[in-house]
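What you are looking at is a predicted structure, and each value in this text was computed from that prediction instead of being measured.
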Amino acid sequence: MASSLGRRCWAVGAGPRALPDTAHTPRGILRSDLSVTSNARHLVFKLAVLSLKNRALIALITIVAAIFGSMALVNLKQELIPSIEFPALMVITTYPGASPEVVNTDVSTPIEAAIQAVPGLETTSATSTTNASVVQASFTYGTDLSTAEQKMTQAVNRISSQLPESVDPQVLLLSIDDLPAVQLAVSGGNAETIQTRLENIVVPELEKIDGVNQAAILGATTQRVVITPDQAKLAAAGFTQQAINDALEQNGILFPGGAITEGDKTLTVQTGTKVQSVEDVASLPLVATNADQMATGAKTIADVATVELAAAEATSISRVNGEDALTISITKLGTANTVEVSQAITALLPELESQLDGGEITVIFDQAPYIEQSIEALAQEGVLGLVFAVIVILIFLLSFRATIVTAISIPTSVLITLLGLQAMEYSLNILTLGALTMAIGRVVDDSIVVIENIKRHYVGGADKMASIILAVREVAGAITASTITTVAVFLPIALVGDMTGELFRPFAMTVTIAMLSSLLVALTIVPVLAYWFMKPGEELQDADGNVIDPEHPDAPPSKLQKAYLPMLKWTVKHSAVTLIVAVLVLAGTLFSAQFMKTNFLGDSGQNTMTVQQEMPAASSLAVKDAAAARVEKVLQDVPGVDTVLASVGSSGSALTDAFSGGASGATFSLTLTDGADAEQVRADIQSGVASRSR
């Protein structure tokens, strides 16, 4: 018997036995077990055998996966939450000088009625504010928004003759990327000089940054040419106010005048002159249609009217901590990396600030720090999970080599998962990273089961290859079933519709890829690593010194079994008590769940907060400003609030107003102090605003 120990392996539930000669190689194992192994088990088992037979190839694949997985980690986009494309379209229309009632009657109502026949349309809503109309159309999930956009554009074009001549409706697709990535506030210095430099220097430089879509100024004042007719001079010259309108319509337009060829050059000719200054407007000629008008000598607009440049009526007000300021709202392209865009903007700010002649730039909102903090926190939790998993494995397996094998399997599975995320064009965000963190505790399970079974079989003088193959064969079906069960729990989330599915699909796919990666690693890489690193353990002997199967009823228990067996025996003996305790724990869990706080995504570690104040649509800017000032004072007095950016009225962009609600009220962007409790600040704001409104 002693002479045969060198070729001995243990089978589950059996006593000591020697494998037949055909079992000493992978080929022999396959031949002897094909008749009793199901097709699924045979496939996964064959995968392990092929890996052992091609160890060099597996090593190469592992190295390649590690390299490209590391590259994926660096190149993946970093976002706070997954990019969501809402199943909605918006028709944005600017109607300068129109009141909300006129906008609603002349623009919003006709457009809303025209798009009702668009396929897939669920609901519509129209918001009519001073100077602008926003008609939002919501579609069922799964609707081809590109086709819907074309249909809506066609529907709006069909009624263009019914709309005012000065309006040009635009159909836009909504996306979370349309929200500002960075918001800057500019205060101090001479307001007119600061605004000019923002428009001519700062905004163009910001829009040159790779990934920046648009930089829009909020709170800026604009100028307009004001023509005040002198009725006495008009009457004396024999003209009416219509003559001024005719002069404006007939001048300042360039027309093609043909081409002139001279030698080897052909030059285009244009007629007319472009109006570029107040003086140009004042010097536009009046068209005399009769002898009386010609006799008066009035030839230009300046002869019968006053022409001057004046500030246009303000449509928005922006303040930082009560001081007048200008706000720059910066959006990024959908394909851009939020963190990279933010870092590029931040790096450029000192140079831009130096050109503002006393102006100071303050970052009011920036997504990047919260993204980086979230990623860093989740990465730390993942690393800690990896470390503790390795420590636990070492304690229970009591084998440094076996621990190394399983420790390698965890990052390998994660790197393969990152490759999958890059292939599916997902980003690193709080959901995908949360899925990875959660999966770390699970991805190691398959590897632990495989390596522990190998460690149990590869003892004494047992054949290494045969022991590894036998160990994998015994657990291949179990770990496959366990992994597929976990996948079956999470994968259906990816099939959920509505915005919930859009948001949590990356989470479900990340867990699924991680689980399947762990199974692949456990069946291929772990056996190969075990073949290279594992050394045979000591054979288990009974009281008489005979080698015995660890699962034999007479086998002496291990230290772990000695600690666990009394508990197991007690629970089996008192099964009724065990079941009652389990039911009580379940009931207590369900009862406690109702007291847990629930929200959409939580605060995500952000130190910013947004407060919106709604007011009647017809409220004047002065009324809105007065109401906003009262709320602004409350917000400044709340403990934990560092900066308050107040944006009152329209931003001049209908799309921005649609997201922020600024056109119909005021929006307050708050920056909290370091360490401030966001939940407490929110509660203080709600109570403070409520008490002020009473």
With side-chain contact (heavy atoms from CB on, under 4.5 Å) as the test, would you mind laying out the steps for Q422 and N75 before giving the verdict? CA-CA 8 Å; Q422 188 178 46; N75 295 325; 3.8 Å; yes
For T417 and T510, which heavy atoms make the closest approach, and how far apart are they? CG2-O, 3.8 Å
Is R319 reaching over with its side chain to a backbone N or O of A325, donor-acceptor style, under 3.5 angstrom? no
For V341 and T338, what are the C-alpha separation, side-chain angles and deciding distance, and is it a side-chain contact (heavy atoms from CB on, under 4.5 Å)? CA-CA 5 Å; V341 170; T338 304; 5.9 Å; no
Determine whether a donor-acceptor pair (N or O, by modelled atom type, separation under 3.5 Å) exists between the side chain of E353 and the backbone of I361. yes
Short side-chain to backbone donor-acceptor contact, D625 and V623, under 3.5 Å: no
Side chains of S133 and T127 in contact at under 4.5 Å (non-hydrogen atoms): no
Is any side-chain heavy atom of L349 closer than 4.5 Å to one of I345? yes
For L76 against N337, the heavy-atom pair lying closest together: O-ND2, 3.7 Å
Could you tell me whether the side chains of T193 and T196 share a donor-acceptor contact shorter than 3.5 Å? no
Just how far is it from atom CD of Q136 to atom OG of S125, taken to the nearest 0.5 Å? 5.0 Å
Minimum side-chain heavy-atom gap F139-M152 below 4.5 Å: yes
May I ask you to say whether K151 pairs ionically with D144, meaning some side-chain N is under 4.0 Å from a carboxylate O? no
Looking only at heavy atoms, what is the nearest atom pair of L348 and E205, with distance? CD2-O, 4.0 Å
Decide side-chain contact (heavy atoms from CB on, under 4.5 Å) for T327 and L645; before the verdict, give the C-alpha distance in whole Å, the side-chain angles of both, and the deciding distance to 0.1 Å. CA-CA 9 Å; T327 304; L645 168 63; 3.4 Å; yes
Student check: side-chain heavy atoms of V339 and S342 closer than 4.5 Å: no
Could you tell me whether the side chain of L326 reaches within less than 4.5 Å of the side chain of Q195, counting heavy atoms only? yes
Between the OG1 atom in T512 and the CD1 atom in I493, the distance rounded to the nearest 0.5 Å is 8.0 Å
Please examine the side chains of T362 and L184, heavy atoms only from C-beta on, and report whether any two atoms are closer than 4.5 Å. no
Check the pair T667, S647 against side-chain hydrogen bond (donor to acceptor under 3.5 Å, both in side chains), reporting the backbone distance first and the verdict last. CA-CA 5 Å; T667 301; S647 302; over 6 Å; no
Decide if atom CG of D210 counts as having more than 12 heavy atoms of other residues, nucleotides or ligands within a radius under 6.0 Å. no
Would you please test Y95 and V102 for side-chain contact (heavy atoms from CB on, under 4.5 Å) and show each step? CA-CA 9 Å; Y95 192 5; V102 173; 3.9 Å; yes
Between the side chain of E207 and the main-chain N/O of A215, is any donor-acceptor distance below 3.5 Å? yes
Chi angles and distances behind the side-chain hydrogen bond (donor to acceptor under 3.5 Å, both in side chains) call for T140, T143: CA-CA 6 Å; T140 56; T143 300; 3.0 Å; yes
Distance in Å, M90 CE paired with S138 OG, rounded so as to fall on 0.5 Å steps: 10.0 Å
Shortest non-hydrogen pair, I685 vs L635, comes out as CG2-CD2, 3.6 Å
Donor-acceptor contact present, side-chain D366 to main-chain V182, <3.5 Å: no
Exactly one of D642, V641, V638 should register a side chain to side chain contact (heavy atoms under 4.5 Å, CB included) with L672. Which one does? V641
Could you grab the distance from atom CZ of F668 to atom CD of E632, nearest 0.5 Å is fine? 6.0 Å
Please indicate whether E199 has more than 12 foreign heavy atoms, meaning atoms of other residues, nucleotides or ligands, lying under 6.0 Å from its CD. yes
The reported gap from CD1 in I364 to CD1 in I328 (rounded to nearest 0.5 angstrom) is 11.5 Å
Heavy-atom side-chain contact between V107 and I111 under 4.5 Å: yes
Heavy-atom closest pair (I159 atom, P110 atom, distance to 0.1 Å) is CD1-O, 3.4 Å
Backbone of T589 reached by a side-chain donor or acceptor of S592 within 3.5 Å: no
Shortest non-hydrogen pair, A344 vs I209, comes out as CB-CG2, 3.6 Å
Check: Q116 and T124 side chains under 4.5 Å, non-hydrogen atoms: yes
Rounding to 0.5 Å, atoms CD (Q686) and CZ (R682) come to a distance of 7.0 Å
